[in-house]
Engineer: 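Have a look at this one before I ask anything.
Keep in mind that the numbers below use all heavy atoms, side chains included, and drop hydrogens, waters and symmetry copies.
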Amino acid sequence: MKQIITYTSALLLLFGVVGCGVDNYPAPDSQLYGTFLDAETNEPVEQDIIRGSTIEYIEHGYASQTKQTMIIKNDGTYRNNLIFANTYTITPVRGNFVPVAAQEVTVKGETNLDFKVQPYIRVKEASIEKVGTKVIAKFKLQQTVMNNVRKIGLYAHPEPSVGEPMRVALAEQEINGAIDPNKVYQLEIDIPSNSNVLKAGNQYFFRAGGIIDAPESKFNYAKAVRVAL
């Protein structure tokens, strides 16, 4: 019995040493945050939180050069509160804006890094309101590149992160061409036709946007609007 107790004590001591070794690794001690801003208007560039624009970053000093990612929020902001102080190569990718170059950034403590970008489309003068039994969106579009506008859409969801990939009801229109910046586009969602997902007396968020015809492009949006049905 004494021999068994000795072996058990030795194993516990070994696990304790290993555990102390793991606990001695330093924790992430810095934060990286910022906003994607329209280089012309200085307004945040609205995003999709699902299948939206992302940030890839590579921490310097390691042979593996592993890419890590950060998600951009619907309002165009991002934040990572658990990042090591170090130098990183940071690249926004697969965005709803003209691609931007990678940049080296030293992260230490509270580090702010905003991105000035050119959105493919600006959704301008947008209004969304309930009119009778419909929710109607009216807006103008400004495309900033030569590529055609592929389609426009109005999307509804109970959460403010509403968008093309996150919706319970929608109205879309194929464009597949250049747009007239002076034209007022109108999209309508009929409430009775969507009564199984749009319940009378409830509130929903609606967001209008458009997508350019470019590789890996994402929707550009106006701000989401809450509408009581």
Side-chain angles (χ1 to χ4, degrees), residues 35-38 41 43-55 69-78 92-99 115 117-130 134-145 147-179 181 183-191 193-199 202-227 229:
T35 305
F36 281 74
L37 298 169
D38 187 323
T41 68
E43 296 176 346
V45 178
E46 295 276 319
Q47 301 285 333
D48 271 317
I49 201 165
I50 298 175
R51 300 199 308 270
S53 309
T54 57
I55 298 170
T69 59
M70 283 183 276
I71 301 299
I72 306 169
K73 298 178 183 178
N74 280 66
D75 61 0
T77 65
Y78 72 95
V93 295
R94 297 179 291 280
N96 59 357
F97 44 81
V98 174
F115 294 93
V117 298
Q118 178 184 328
Y120 287 124
I121 300 172
R122 295 186 179 100
V123 184
K124 305 173 75 70
E125 301 176 29
S127 69
I128 300 175
E129 58 184 347
K130 180 177 178 288
K134 297 180 178 181
V135 175
I136 299 176
K138 296 180 180 180
F139 52 91
K140 294 180 179 180
L141 296 176
Q142 178 189 4
Q143 65 186 97
T144 71
V145 293
N147 306 59
N148 288 335
V149 175
R150 183 152 57 86
K151 69 177 177 179
I152 58 176
L154 171 64
Y155 305 99
H157 195 274
E159 300 296 329
S161 47
V162 58
E164 189 275 336
M166 185 173 177
R167 84 278 182 169
V168 295
L170 75 160
E172 293 182 325
Q173 178 184 336
E174 296 290 330
I175 303 295
N176 295 317
I179 53 91
K183 179 179 178 177
V184 177
Y185 292 87
Q186 179 169 316
L187 294 171
E188 303 176 356
I189 293 179
D190 184 69
I191 300 169
S193 299
N194 293 277
S195 59
N196 60 323
V197 291
L198 300 178
K199 306 295 184 181
N202 290 351
Q203 294 185 340
Y204 296 88
F205 290 88
F206 293 80
R207 194 153 67 143
I211 187 168
I212 206 75
D213 190 3
E216 296 189 302
S217 63
K218 306 296 189 295
F219 264 78
N220 290 102
Y221 295 101
K223 292 182 179 298
V225 175
R226 183 165 55 187
V227 177
L229 304 186

Engineer: So, do E172 and E164 sit near enough that their side-chain heavy atoms are less than 4.5 Å apart?
Structural biologist: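 Contact flag for E172/E164 side chains = yes.
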Engineer: Minimum heavy-atom separation for G95 and Y120, please, with both atom names.
Structural biologist: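 For G95 and Y120, the tightest heavy-atom pair comes out as O-CE1, 3.7 Å.
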Engineer: Under the side-chain contact (heavy atoms from CB on, under 4.5 Å) test, which residues partner T41, sequence neighbours left out?
Structural biologist: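 Residues passing side-chain contact (heavy atoms from CB on, under 4.5 Å) with T41: D38, E43, R122.
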Engineer: Hey, what do you get for NZ (K73) to CE (M70), rounding to the nearest 0.5 Å?
Structural biologist: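 If I round to the nearest 0.5 Å, the distance is 12.0 Å.
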Engineer: Could you pull out the closest heavy-atom pair between P160 and A224, with the gap in Å?
Structural biologist: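 For P160 and A224, the tightest heavy-atom pair comes out as O-CB, 3.9 Å.
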Engineer: What's the shortest heavy-atom distance between A169 and L198, and which atoms?
Structural biologist: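 Residues A169 and L198, closest heavy atoms: CB-CD1, 4.0 Å.
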Engineer: In Å, rounded to the nearest 0.5 Å, how long is the span from CD of Q143 to CG of N220?
Structural biologist: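 It is 11.5 Å, given to the nearest 0.5 Å.
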Engineer: Return a table of donor-acceptor pairs under 3.5 angstrom between the side chains of residues 47-54 and protein atoms on other chains or two or more places apart.
Structural biologist:
residue : atom : partner : partner atom : Å
Q47     : OE1  : S53     : OG           : 2.6
Q47     : NE2  : V45     : O            : 3.3
Q47     : NE2  : N96     : OD1          : 3.0
D48     : OD1  : Y221    : OH           : 3.0
D48     : OD2  : Y221    : OH           : 2.7
S53     : OG   : N96     : N            : 3.3
T54     : OG1  : R94     : NH2          : 3.3

Engineer: Using the salt bridge (charged side-chain N to carboxylate O under 4.0 Å, His left out) criterion, which residues pair with E159? Sequence neighbours excluded.
Structural biologist: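 Salt bridge (charged side-chain N to carboxylate O under 4.0 Å, His left out) list for E159, sorted by chain: empty.
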Engineer: I need the K223 NZ to N74 CG distance, nearest 0.5 Å.
Structural biologist: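 If we round to the nearest 0.5 Å, K223:NZ and N74:CG are 10.5 Å apart.
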Engineer: Taking only residues two or more places apart in sequence or in another chain, which ones pass salt bridge (charged side-chain N to carboxylate O under 4.0 Å, His left out) with K140?
Structural biologist: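 With sequence neighbours excluded, K140 shows a salt bridge (charged side-chain N to carboxylate O under 4.0 Å, His left out) to E125, given in chain and number order.
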Engineer: Stepwise, does the side chain to side chain contact (heavy atoms under 4.5 Å, CB included) test hold for F205 with V225?
Structural biologist: CA-CA 5 Å; F205 290 88; V225 175; over 6 Å; no
Engineer: For L154 and F139, run side chain to side chain contact (heavy atoms under 4.5 Å, CB included): C-alpha distance rounded to whole Å, both residues' side-chain angles, the deciding distance at 0.1 Å, then the answer.
Structural biologist: CA-CA 11 Å; L154 171 64; F139 52 91; over 6 Å; no
Engineer: With heavy-atom distances below 4.5 Å as the criterion, would you say the side chains of F36 and I55 are in contact?
Structural biologist: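 F36 vs I55: side chains touch.
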Engineer: ring-ring contact (aromatic ring centres under 6.0 Å, His included) with Y204: which residues, sequence neighbours excluded?
Structural biologist: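 Listed in chain order: nothing, the list is empty.
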Engineer: Please identify each residue that fulfils side-chain contact (heavy atoms from CB on, under 4.5 Å) with L37, with sequence neighbours left out.
Structural biologist: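 T35, N42, P44, D114, K116.
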Engineer: Report the C-alpha distance between R150 and N176 in whole Å, list the side-chain angles of each, state the deciding distance to 0.1 Å, and finish with yes or no for side chain to side chain contact (heavy atoms under 4.5 Å, CB included).
Structural biologist: CA-CA 4 Å; R150 183 152 57 86; N176 295 317; 3.7 Å; yes
Engineer: Can you list the residues that meet the salt bridge (charged side-chain N to carboxylate O under 4.0 Å, His left out) rule with E188, with sequence neighbours excluded?
Structural biologist: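 Applying salt bridge (charged side-chain N to carboxylate O under 4.0 Å, His left out) to E188 gives K134.
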Engineer: Of all residues at least two apart in sequence or in a different chain, which pass the side-chain contact (heavy atoms from CB on, under 4.5 Å) check with K130?
Structural biologist: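 Expected list: I191, V227, L229.
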Engineer: side-chain contact (heavy atoms from CB on, under 4.5 Å) with N147: which residues, sequence neighbours excluded?
Structural biologist: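 Result, side-chain contact (heavy atoms from CB on, under 4.5 Å) vs N147: V145, I212, A214.
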Engineer: Residues two or more places apart in sequence or in another chain: which of them pass salt bridge (charged side-chain N to carboxylate O under 4.0 Å, His left out) with E216?
Structural biologist: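 Checked E216 against salt bridge (charged side-chain N to carboxylate O under 4.0 Å, His left out); zero matches.
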Engineer: Run the side chain to side chain contact (heavy atoms under 4.5 Å, CB included) check on V123 and L141 step by step: do they pass?
Structural biologist: CA-CA 5 Å; V123 184; L141 296 176; 4.0 Å; yes
Engineer: Heavy atoms only: give me the nearest Y78-I72 pair and the separation to one decimal.
Structural biologist: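 Closest approach of Y78 to I72, heavy atoms only: CB-CA, 4.4 Å.
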Engineer: What's the spacing between I71 CD1 and T69 OG1 if we round to 0.5 Å?
Structural biologist: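 These two atoms lie 5.5 Å from each other.
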Engineer: With sequence neighbours left out, which residue pairs that include part of residues 151-171 fulfil the ring pair (Phe, Tyr, Trp, His ring centres under 6.0 Å) condition?
Structural biologist: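 Output for this query lists Y155-F219.
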Engineer: Just wondering, do I175 and N148 contact through their side chains at under 4.5 Å, heavy atoms?
Structural biologist: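 No, too far: nothing below the 4.5 Å cut-off.
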Engineer: Measuring from atom CD1 of I152 to atom CD1 of I179, what distance do you get when rounded to the nearest 0.5 angstrom?
Structural biologist: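 Output value for this atom pair is 9.5 Å.
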Engineer: Please enumerate all residues that pass side chain to side chain donor-acceptor pair (under 3.5 Å) together with N194, with sequence neighbours excluded.
Structural biologist: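 N194: no side chain to side chain donor-acceptor pair (under 3.5 Å) contacts found.
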Engineer: Can you measure from CG (D190) to CD1 (I136) and round to the nearest 0.5 angstrom?
Structural biologist: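 Rounded to the nearest 0.5 Å, the CG-CD1 separation comes out at 10.0 Å.
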